[in-house]
Amino acid sequence: VPEEQEAWESWVARQGPVALLYARSMTGSLADAEDALQEGFVRFFRFWNKGGQMRDRAKMLFACVRSALLDQRRGNLRRQRREELRGRDMPLFEESGEAQAARRELVNRALEELPEEQREVVVMKLWGGLTFAEIGEAVGVPANTAATRYRYALEKMGGMLLAPGGALS
Amino acid sequence: MNEQEHQATEALLRGMQPARLPEDLARALAAIGRERLTWSDRLLATSAGMGAIAACVIAGIVVWQMMTPPPPGPSAEEMAARQQMAAEYQTLIASR
């Protein structure tokens with residue numbers, strides 16, 4: 001049905017960049033992130049067809065991409081595709097002028113230095129717009145744990161960004 | 001970290017826009033909606049396929065039966081001989 005396809009493409013355009021940011025922040029490789037993202041979207045599409053609520057969809061998308069990332073780590077690697085895309089890279093965030101390039105680099109680094117369980121909460125909360133309860137469901141931890149991880153992560157990132165030479169100093 | 005610093009950090013991070021999807025990846029993800037069959041579609045396709053196979057089997061049996069001549073039955077002489085043998089058997093029992 002054309003309307004359904006249009007809705008799907010609009011969803012991909014809206015949520016795709018955040019999901020890619022999430023996958024990249026978890027793998028550190030664009031090729032692996034793209035593979036996991038595709039697999040995650042395929043899994044998510046089954047849920048999409050059931051016509052769930054928009055909020056549930058956002059949470060479910062992260063859960064699907066996350067499970068695809070975990071599967072990928074367990075050895076389900078598409079080596080050939082990785083070879084094809086080796087060397088290809090792009091920034092995590094949009095380019096927005098020379099002045100912001102340094103800030104972007106700093107945020108990249110701050111994000112990279114977070115432990116994985118904090119990093120995923122930060123991405124889901126700040127750019128995915130999920131609540132702590134939704135993050136908890138997507139990650140499989142209580143909402144309070146998600147909130148605590150977020151707080152610790154923000155403290156660490158703030159420490160870097162507020163330090164002399166940081167984006168907020 | 002105080003509340004003000006917390007909010008400033010949050011605002012800065014929130015202001016960063018995630019990078020757009022590469023063209024080929026965006027196309028591949030959009031295509032998932034076109035290519036993937038839903039479970040109801042799969043069920044329908046499976047049912048239609050099984051129905052078509054069953055129809056072919058029935059048609060094959062009907063045609064095969066029409067083309068094969070029926071097996072010949074016993075002739076009149078054979079039937080008469082059989083009846084005669086049965087009568088002889090009854091007579092033998094009665095005589096004992």
Side-chain angles (χ1 to χ4, degrees), chain A residues 4-13 15-22 24 30 33-34 37-38 40-42 44-46 48-50 85 88 90-96 100 103-104 106-108 110-111 122-123 125-129 150-151 154-162 167-168, chain B residues 1-70:
Chain A
E4 284 178 13
Q5 177 60 23
E6 210 171 287
W8 169 255
E9 286 178 15
S10 153
W11 172 265
V12 168
Q15 296 293 330
V18 185
L20 180 62
L21 171 67
Y22 172 63
R24 290 190 65 197
L30 179 60
E34 286 195 4
L37 196 67
Q38 288 207 38
F41 265 86
V42 166
F44 170 72
F45 189 69
R46 292 172 204 145
W48 170 272
N49 277 326
K50 291 179 189 164
L85 292 171
R88 177 176 166 176
M90 56 179 271
L92 283 177
F93 297 98
E94 281 295 311
E95 305 265 359
S96 47
Q100 299 229 338
R103 175 193 286 190
R104 200 187 59 228
L106 206 59
V107 172
N108 278 2
L111 205 54
V122 165
V123 174
K125 176 73 180 159
L126 286 176
W127 295 287
Y150 178 73
R151 199 175 61 247
L154 224 59
E155 272 176 23
K156 275 184 205 162
M157 293 184 86
M160 282 188 75
L161 299 172
L162 289 162
L168 289 169
Chain B
M1 183 189 250
N2 60 37
E3 187 58 28
Q4 200 179 352
E5 289 170 340
H6 182 97
Q7 283 177 2
T9 307
E10 206 169 32
L12 169 80
L13 294 172
R14 225 185 270 278
M16 306 288 290
Q17 278 291 102
R20 271 170 292 188
L21 293 176
E23 278 294 313
D24 54 345
L25 180 62
R27 268 199 305 275
L29 296 182
I32 290 169
R34 279 192 292 275
E35 290 167 4
R36 303 289 296 186
L37 286 174
T38 63
W39 281 107
S40 53
D41 289 340
R42 285 179 198 186
L43 188 65
L44 184 66
T46 308
S47 308
M50 287 173 73
I53 291 169
C56 286
V57 170
I58 292 168
I61 290 171
V62 168
V63 169
W64 177 70
Q65 280 183 336
M66 285 169 68
M67 290 174 71
T68 311

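So that the names make sense, note that chain A is the first sequence line, chain B the second, and so on, each numbered from 1.
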Exercise for review: Keeping the roles fixed (side chain from A:Q38, backbone from B:L25), state whether a donor-acceptor pair exists under 3.5 Å.
Suggested key: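 Checked: no pair found.
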
Review point. Okay, side chain of A:W8, backbone of B:L29: is any donor-acceptor separation there less than 3.5 Å?
Key: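 Yes; judged by distance alone, with no hydrogens or angles, the pair exists.
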
For the student: nearest non-hydrogen atoms of [X] and [Y], plus distance:
X      : Y     : answer
B:A19  : A:P17 : O-CB, 3.4 Å
A:L20  : B:P22 : CD2-CD, 3.8 Å
A:K125 : B:R14 : O-NH1, 4.1 Å
B:A26  : A:V12 : O-CG1, 4.4 Å

Review point. Counting only heavy atoms not in B:Q4, do more than 12 sit closer than 6.0 Å to its CD atom?
Key: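 No, not enclosed.
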
Practice item. Sort out for me which residue in A:L21, A:L126, A:V107 forms a side chain to side chain contact (heavy atoms under 4.5 Å, CB included) with B:M16. Key: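 Result for side chain to side chain contact (heavy atoms under 4.5 Å, CB included) with B:M16: A:V107.
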
Inter-residue atom distance [X].[atom1] - [Y].[atom2], 0.5 Å rounding:
X      : Y      : atom1 : atom2 : value
B:I32  : A:E9   : CD1   : CD    : 11.0 Å
A:L154 : B:Q7   : CG    : CD    : 10.5 Å
B:L12  : A:R103 : CG    : CZ    : 4.5 Å

Check your understanding: What part of A:Y150 gets closer than 4.5 Å to chain B, counting heavy atoms only: side chain, backbone, both or neither?
Key ->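 A:Y150 touches chain B through side-chain heavy atoms alone.
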
Exercise for review: Taking the side chain as every heavy atom from C-beta outward, state whether B:L13 and A:L111 have any pair of such atoms under 4.5 Å apart.
Suggested key: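 No - every pair of side-chain heavy atoms lies 4.5 Å or more apart.
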
